[in-house]
There are 2 protein chains.
Amino acid sequence: MDDFQGQGRETVVTMADAYTLSRAERRDQQTQRILDAAKACFVRSGFQGASMQEVCAEVGMSPGALYRYFPSKEAIIEAICEVDRQQDIESFITFLENPSIVDGLVEAAVAHITHVHERGNAALFAEIRAESTRNETIQTTCLKCQQQVYEIIRERVRLATERGEIDPPVDLDTLMAAFMAIGEGIALNDLPSLGVPVANLEILLRAMVEGMLRPTGRTTADSR
Amino acid sequence: MDDFQGQGRETVVTMADAYTLSRAERRDQQTQRILDAAKACFVRSGFQGASMQEVCAEVGMSPGALYRYFPSKEAIIEAICEVDRQQDIESFITFLENPSIVDGLVEAAVAHITHVHERGNAALFAEIRAESTRNETIQTTCLKCQQQVYEIIRERVRLATERGEIDPPVDLDTLMAAFMAIGEGIALNDLPSLGVPVANLEILLRAMVEGMLRPTGRTTADSR
DNA sequence: CATTTGAGAATGAACGTTCGCTCTTTATGC
DNA sequence: GCATAAAGAGCGAACGTTCATTCTCAAATG
């Protein structure tokens, strides 16, 4: 995997490979290779700490070639942030579907934790988070993704409160701010990697969410 | 506050000022000035992103002079991390003293949130956190500070459980890991700056902690 | 007068990026 | 189907800049 673009002429991998790829396909594939390699470098050395030379070495590509795919280092960073944030958020949203709010929140949180853990993304998230306080583009990306989750949860909590299914001890805004902050803390710390069993975590999170939402026991429909 | 070390010779602040300082005092004072200025730069541009020139300009000091106080940029970064982490932790520990665990945790959390907010330290914390995944010295500093809090809370929760004051739904390790992660998330997000009233937050945190610890109502002594 | 403090130019290394070039792939004309 | 042009992909040296740090020397201090 290392002597990809070697020195000799005969080791060069031609564009028309065993299974011939179109120009566009090849381009997409190379772009992805760069993003993957850059991500590894950025996790290792930080956005500012990693040099383009380091990224080039990781991809196995010369600077001249790499700059045909991205116009600048910043563009690579921003692309990585965009993809990462969107992916993180999608797994979360999917699991919010459960009709019970408490179950939905807990399941989504557990799915999110598992997702971050499996992809080893906690360190990158920490990096993105720090960078987002400085880079406006990244900040916008983060906010946009966060808001998707925020709006959905907020609306569901609001409706459930209106219906009398839950009785939170504080206003909706405080509740939501706390939820988002807590979720971030848990994702950032990658608890499974610290040896915390997800099953135990789920029990605790349910107790926590119930404490914060105070389910009344009655439901409008026959959801149980 | 800007034209401190001006260009002219007569504006130079001599060492023997109105109230004469000893050599050591003057040195400490200058060291502190450097740390403060560097902190501002690092918050603005990040540890890697800020240059020494930027720091020098912020202090109002030449590189040659600055390097008489710190041997390297890294030394400044590490000193800032050390001080910041220790300060953050101290305010927390102080407020854990309340005999009721729930009250202690909630009060400490609120004090911590207030402290981080007032000092505007959330961005620096994000930076330190990201850097700690790369710099071993910083990581050690963070762990050491975190552990001080961890041990105290853990022991208090353990004793309270033993006494039957609380009945957590999960094992102590899971509980503690979650507590630390949640605390970090809340501190990092600086909720007061988002407009969340601390009073509301306190109510919610209490509900949350009670959900996670399940106080039984009985106490060993007459603490209520 | 010995020592400390400071300024500011200078250092070499490393940075992100560009350039000129070669080779390969695709498009075009016959 | 084949020659040939145009475009794309890639390399690696080189660019100008900025980096952290050091050096030299002057001023202030005790």
Side-chain angles (χ1 to χ4, degrees), chain A residues 3-17 19-34 37-38 41-42 45-78 135, chain B residues 3-34 37-38 41-42 45-78:
Chain A
D3 58 333
F4 187 70
Q5 295 276 358
Q7 56 284 25
R9 188 155 302 172
E10 48 267 278
T11 58
V12 168
V13 175
T14 59
M15 289 196 171
D17 239 349
Y19 299 93
T20 309
L21 298 173
S22 77
R23 269 273 226 275
E25 283 170 333
R26 163 84 178 176
R27 186 155 241 281
D28 289 350
Q29 187 182 286
Q30 291 288 70
T31 304
Q32 194 54 54
R33 282 210 318 127
I34 293 171
C41 292
F42 291 147
S45 315
F47 286 140
Q48 317 269 2
S51 70
M52 289 302 279
Q53 306 282 352
E54 189 182 335
V55 176
C56 287
E58 182 88 17
V59 200
M61 198 182 251
S62 67
L66 195 147
Y67 270 85
R68 286 195 180 274
Y69 292 89
F70 291 93
S72 67
K73 183 185 182 183
E74 222 196 326
I76 300 180
I77 294 173
E78 285 165 6
N135 183 317
Chain B
D3 59 334
F4 189 69
Q5 293 275 359
Q7 57 282 23
R9 188 156 300 169
E10 47 269 280
T11 59
V12 168
V13 175
T14 58
M15 289 191 171
D17 238 350
Y19 300 94
T20 310
L21 299 172
S22 76
R23 267 259 167 66
E25 284 170 333
R26 162 84 180 176
R27 186 154 242 280
D28 288 352
Q29 188 183 286
Q30 290 288 68
T31 304
Q32 193 54 54
R33 281 207 322 125
I34 294 171
C41 293
F42 292 147
S45 315
F47 287 140
Q48 317 270 1
S51 71
M52 289 302 278
Q53 307 280 353
E54 189 182 335
V55 175
C56 287
E58 182 89 17
V59 200
M61 198 182 252
S62 66
L66 194 146
Y67 270 85
R68 287 197 180 274
Y69 293 89
F70 291 93
S72 67
K73 184 184 183 184
E74 222 197 328
I76 299 180
I77 294 174
E78 285 165 5

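Throughout, a chain's letter reflects where its sequence line sits, starting with A, and its residues are numbered from 1. Just so you know, these numbers use all the heavy atoms, side chains as well, and skip hydrogens, waters and symmetry mates. Small disclaimer: the values here were computed from a predicted structure and weren't measured.
Look at CE on B:M61: it is 16 Å from C1' on D:dT21, rounded to the nearest Å. Put simply, CG on B:D28 is 11 Å from P on C:dT5, counting in whole angstrom units. Whole-Å rounding puts the B:Q29 CD to C:dG6 P distance at 10 Å. We find that CG of A:L66 is positioned 12 Å from C1' of D:dC11, with the value rounded to whole Å. Atom CZ of A:R23 and atom C1' of D:dG10 are 12 Å apart (whole Å). Separating the CD1 atom of A:I34 from the P atom of D:dC11 is a distance of 10 Å, rounded to the nearest angstrom.
Pairs passing the side-chain hydrogen bond (donor to acceptor under 3.5 Å, both in side chains) check and including a residue from residues 55-77 of chain A, sequence neighbours excluded, read A:R44-A:E58, A:E74-A:N135.
The base of D:dG10 sits within donor-acceptor range of the side chain of A:R68, with an N or O pair under 3.5 Å.
Among the atoms of the strands shown, none is found under 4.0 Å from any heavy atom of A:F70.
Annotation: side chain to side chain donor-acceptor pair (under 3.5 Å) contacts of B:S45 (sequence neighbours excluded): B:E54. In this structure, A:Q29 has no side chain to side chain donor-acceptor pair (under 3.5 Å) partners at least two apart in sequence or on a different chain. In terms of the side chain to side chain donor-acceptor pair (under 3.5 Å) criterion, B:Q53 has no residue partners (sequence neighbours excluded).
For the OP1/OP2 pair of C:dT5 and a distance below 4.0 Å, the side-chain nitrogens and oxygens of B:R27 include at least one atom meeting the criterion. A sub-4.0 Å separation between OP1 or OP2 of D:dC11 and a side-chain N or O of A:S62 is present. Put simply, A:R26 has a side-chain N or O that comes within less than 4.0 Å of OP1 or OP2 on D:dG10.
Nearer to the 5' terminus of DNA chain C, by closest-nucleotide assignment, is the contact made by B:A65 (compared with the other of A:A65 and B:A65).
Side-chain contact between B:R27 and B:R23 is absent, with no heavy-atom pair separated by less than 4.5 Å.
Residue B:I76 holds its CD1 atom at 6.5 Å from CD1 of B:I34, rounded to the nearest 0.5 Å.
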Check: protein-nucleotides 16-20 of chain D nitrogen or oxygen pairs below 3.5 Å:
residue, atom, partner, partner atom, Å
D:dA20, OP1, B:A50, O, 3.3
D:dA20, OP1, B:M52, N, 3.4
D:dA20, OP1, B:K73, NZ, 2.7
D:dA20, OP2, B:M52, N, 2.5

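The two residues A:C41 and A:V55 make their nearest non-hydrogen contact at SG-CA, 3.8 Å.
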